[in-house]
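Everything on this sheet refers to the single structure shown next.
In this chain, residues are counted from 1 in sequence order. Note that these values count all heavy atoms, side chains included, but never hydrogens, waters or copies made by symmetry.
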Amino acid sequence: MALFDPVSISAYDGENPGTDVAAWLTHQGCNVAVQQYASGGEDIGTAILKRAKETGADLIVMGAYDHSRLREMVFGGTTRSLIEQSAFPVLLSH
């Protein structure tokens with residue numbers, strides 16, 4: 001599991017963002033390691049695709065969040081970036 005530029009909110013995430021989801025996935029039988037990465041100012045969608053390529057991923061699984069159409073048109077979005085690319089299959093969950 002990869003997190004890019006995580007922002008930790010103690011009351012919500014605990015001390016380490018992603019560990020709650022990793023614990024749930026482990027309980028479901030998945031082998032999970034939480035890794036945090038800095039995007040270096042790069043678009044998050046691009047950063048995800050680079051990490052997927054570097055690690056030899058077969059599939060990208062991610063949450064999809066809905067924003068207003070105007071916001072998506074002006075700012076774009078990670079979900080849109082990954083849907084529009086064709087290098088990796090993407091499984092979205094909302």
Side-chain angles (χ1 to χ4, degrees):
M1 174 193 308
L3 291 105
F4 292 85
D5 300 333
V7 176
S8 178
I9 302 169
S10 302
Y12 182 71
D13 299 312
E15 287 187 30
N16 295 309
T19 55
D20 54 344
V21 174
W24 184 83
L25 289 169
T26 299
H27 181 72
Q28 303 302 317
C30 298
N31 184 10
V32 180
V34 178
Q35 299 175 345
Q36 297 181 10
Y37 302 100
S39 67
E42 192 170 48
D43 174 70
I44 300 298
T46 302
I48 291 171
L49 292 170
K50 278 186 173 179
R51 289 299 306 158
K53 185 175 181 180
E54 289 171 6
T55 60
D58 295 320
L59 174 69
I60 296 172
V61 179
M62 64 179 279
Y65 302 99
D66 189 27
H67 296 292
S68 73
R69 290 181 190 255
L70 178 60
R71 180 180 168 154
E72 287 291 324
M73 284 175 32
V74 173
F75 297 111
T78 302
T79 304
R80 179 178 298 254
S81 297
L82 291 172
I83 289 172
E84 291 175 347
Q85 61 82 36
S86 61
F88 292 93
V90 179
L91 174 63
L92 300 174
S93 174
H94 185 356

- Item | Val32-Leu3 co-clustered via ILVMFWY side chain contacts under 4.5 Å |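 Shared cluster, yes.
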- Would a hydrophobic clustering, with Ile, Leu, Val, Met, Phe, Trp and Tyr connected at side-chain separations under 4.5 Å, put Ile83 with Phe4?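 Ile83 and Phe4: one cluster.
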Residues 21-31 side chain polar contacts: donor-acceptor under 3.5 Å, at least two apart:
| unit_1 | atom_1 | unit_2 | atom_2 | d |
| --- | --- | --- | --- | --- |
| Thr26 | OG1 | Ala22 | O | 2.8 |

- Message: I need the Ile48 CD1 to Tyr37 OH distance, nearest 0.5 Å.
- Response: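 The OH atom of Tyr37 is 11.5 Å from CD1 of Ile48, to the nearest 0.5 Å.
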- Query: So do the side chains of Val61 and Met1 get within less than 4.5 Å of each other, counting heavy atoms only?
  - Reply: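 No; the side chains remain at least 4.5 Å from each other.
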- So, do Ile44 and Asp5 sit near enough that their side-chain heavy atoms are less than 4.5 Å apart?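 They are in side-chain contact.
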- Leu91, Leu49, Leu92 screened by side-chain contact (heavy atoms from CB on, under 4.5 Å) with Ile60, the one that passes: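 Checked Leu91, Leu49, Leu92 against Ile60; only one passes side-chain contact (heavy atoms from CB on, under 4.5 Å): Leu49.
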- Message: Show me the pairs that pass side-chain hydrogen bond (donor to acceptor under 3.5 Å, both in side chains) and involve residues 53-64, at least two apart or across chains.
- Response: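 Output for this query lists Arg51-Glu54.
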- Task: Could you walk me through whether Ser81 and Thr46 pass the side-chain contact (heavy atoms from CB on, under 4.5 Å) test, one step at a time?
- Result: CA-CA 8 Å; Ser81 297; Thr46 302; over 6 Å; no
- Message: Closer than 3.5 angstrom, by distance alone: can the side chain of Gln85 be matched with the main-chain N or O of Leu82 as a donor-acceptor pair?
- Response: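 Indeed, once roles are kept as given, a pair shorter than 3.5 Å links the two residues.
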